[in-house]
Amino acid sequence: SAASAWPTKNKDRNPVEDSTDRRCPFFAVRLEGGLYMEPAVLGEYYTVAGTGTAEIVDRRSRFLGAVAPAADEQEAQAFLAEIRREHWEARHHVYAYVVEGGRIRRCSDDGEPQGTGGKPVLDVVQGAELMQCVAVVTRYFGGILLGAGGLVRAYSHTCALALDAARVVVMHKTHRYLFDADYAMVGKLDYFLKFQPVRVNARDFAASVTYDVSVKQEDAPAFLAGLVEASLGRVEPLLLEEDYGPWDEADAPATGAEKE
């Protein structure tokens with residue numbers, strides 16, 4: 001069921017089905033007291049790094065998949081509208097999205113037989129444990145009926161391929177720091193950073209060298225302590241911002257494309 005496909009990292013969540021749409025139900029995440037979980041409450045979550053596309057042909061029907069990050073329903077609908085404008089001659093634009101920290105999950109068969117398009121695409125997105133994501137699969141009908149099973153396979157596989165193309169990342173609470181260093185310290189600091197769980201966004205060479213680095217919130221205390229030690233206390237990092245940031249991880253959930 002869709003409820004059982006929720007990310008295993010948040011098993012304490014309570015999926016609530018809204019029966020106003022029997023074909024593609026809307027699922028909400030509700031905490032005790034009626035409060036909704038937002039990403040800030042959920043901690044880390046999986047999404048796509050950017051836009052990804054894929055295409056397959058099945059018995060002369062072309063299936064074009066496109067996925068993208070989307071923070072809310074407005075962004076998801078805007079992406080859908082963009083795809084519809086680009087492929088205005090296509091017969092079907094099946095879609096699914098999971099946004100607003102998992103609070104809103106919607107899908108549509110867009111004229112295909114009930115349950116053969118939107119729900120399979122949503123299942124792929126949920127199976128990969130993704131949030132803040134929209135997926136659209138456009139079909140140019142080739143004149144040959146594929147049957148319910150054929151449609152489910154085609155829509156699912158196209159969506160999975162597009163997710164692979166977009167690259168799945170895990171979003172962590174991330175701290176971004178700036179710090180200046182003398183040129184004499186650059187070699188030592190570069191060596192230190194090479195073995196730290198950080199991302200060096202930029203180095204600016206002027207009167208001194210300014211480092212711009214990002215680190216997961218959970219790794220920040222150890223990193224800062226190590227930086228002080230490596231610089232003999234001569235570096236004073238400035239916390240520039242706290243936000244969610246993408247991090248590649250080897251254990252990111254499979255999209256299902258490799259099963260086909």
Side-chain angles (χ1 to χ4, degrees), residues 2 4-10 24 39 42 44-71 75-80 82-84 86-87 90 92-99 101-102 104-110 112 115-140 142 146 149-172 174 199 244-260:
S4 64
W6 284 65
T8 55
K9 295 180 178 61
N10 296 285
C24 292
L42 290 173
E44 68 179 53
Y45 64 93
Y46 293 103
T47 189
V48 290
T51 302
T53 60
E55 177 178 350
I56 70 169
V57 177
D58 189 342
R59 284 164 281 181
R60 299 195 336 217
S61 280
R62 290 177 62 213
F63 293 85
L64 309 176
V67 302
E75 287 187 11
Q77 288 289 342
F79 183 73
L80 173 60
E82 178 183 338
I83 297 298
R84 282 175 167 160
E86 181 179 354
H87 300 286
H92 305 285
H93 300 284
V94 164
Y95 69 85
Y97 53 81
V98 180
V99 295
I104 294 178
R105 301 181 175 220
R106 299 197 189 282
C107 61
S108 170
D109 294 315
D110 195 33
E112 292 284 27
T116 61
K119 185 61 167 56
V121 169
L122 181 61
D123 285 346
V124 172
V125 173
Q126 291 187 143
E129 303 182 10
L130 301 181
M131 291 193 292
Q132 313 301 80
C133 175
V134 55
V136 183
V137 180
T138 296
R139 180 190 182 191
Y140 285 89
L146 304 186
L151 289 173
V152 169
R153 286 189 294 272
Y155 279 112
S156 298
H157 188 41
T158 306
C159 179
L161 291 173
L163 288 179
D164 274 357
R167 192 167 58 89
V168 174
V169 294
V170 62
M171 300 291 284
H172 285 270
T174 299
R199 181 168 55 242
Y244 276 86
W247 296 82
D248 288 306
E249 288 197 359
D251 62 348
T255 62
E258 69 283 350
K259 298 178 182 178
E260 298 295 332

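The residues of the chain are indexed from 1 along the displayed sequence.
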Residues Asp109 and Gly118: closest non-hydrogen pair is OD1-N, 2.8 Å
Criterion side-chain contact (heavy atoms from CB on, under 4.5 Å) on Leu146 and Arg139, from CA distance to verdict:
CA-CA 12 Å; Leu146 304 186; Arg139 180 190 182 191; 3.8 Å; yes
Do the non-hydrogen side-chain atoms of Thr138 and His93 ever get within less than 4.5 Å of each other?
yes
Would you mind telling me which of Val98, Leu163, Val124 makes a side-chain contact (heavy atoms from CB on, under 4.5 Å) with Leu130?
Leu163
Decide side-chain contact (heavy atoms from CB on, under 4.5 Å) for His87 and Val136; before the verdict, give the C-alpha distance in whole Å, the side-chain angles of both, and the deciding distance to 0.1 Å.
CA-CA 11 Å; His87 300 286; Val136 183; over 6 Å; no
Measure the OH-CG distance between Tyr97 and Leu122 for me, rounded to the nearest 0.5 Å.
11.0 Å
Tell me the closest heavy-atom pair linking Ala54 and Ala162, and the distance in Å.
CB-N, 3.6 Å
For the student: nearest non-hydrogen atoms of Ala166 and Gly50, plus distance:
CB-O, 3.2 Å
How long is the straight-line distance from SG of Cys133 back to CD of Gln126, given to the nearest 0.5 Å?
11.0 Å
Minimal heavy-atom distance between Gly245 and Thr174, with the atoms involved, is N-OG1, 3.4 Å
Using the side-chain contact (heavy atoms from CB on, under 4.5 Å) criterion, which residues pair with Ala71? Sequence neighbours excluded.
Glu75, Gln132
Quick check against the 3.5 Å criterion: does Asp110 have a side-chain atom that pairs as donor or acceptor with the backbone of His92?
no
So the side chain to side chain donor-acceptor pair (under 3.5 Å) pairs with at least one residue in residues 50-60 (sequence neighbours excluded) are Glu55-Arg62
Hits for side-chain contact (heavy atoms from CB on, under 4.5 Å) against Val137, two or more places apart or cross-chain, chain-then-number order -> Phe63, Val121, Tyr155, Thr158, Cys159
Can you tell me how far apart CG (Asp123) and SG (Cys107) are? Round to the nearest 0.5 Å.
8.0 Å
Could you tell me which non-hydrogen atom of Phe79 sits nearest to which non-hydrogen atom of Ala68, and how far apart they are?
CE1-CB, 3.6 Å
Mind checking whether Tyr45 and Tyr244 have ring centres under 6.0 Å apart?
yes
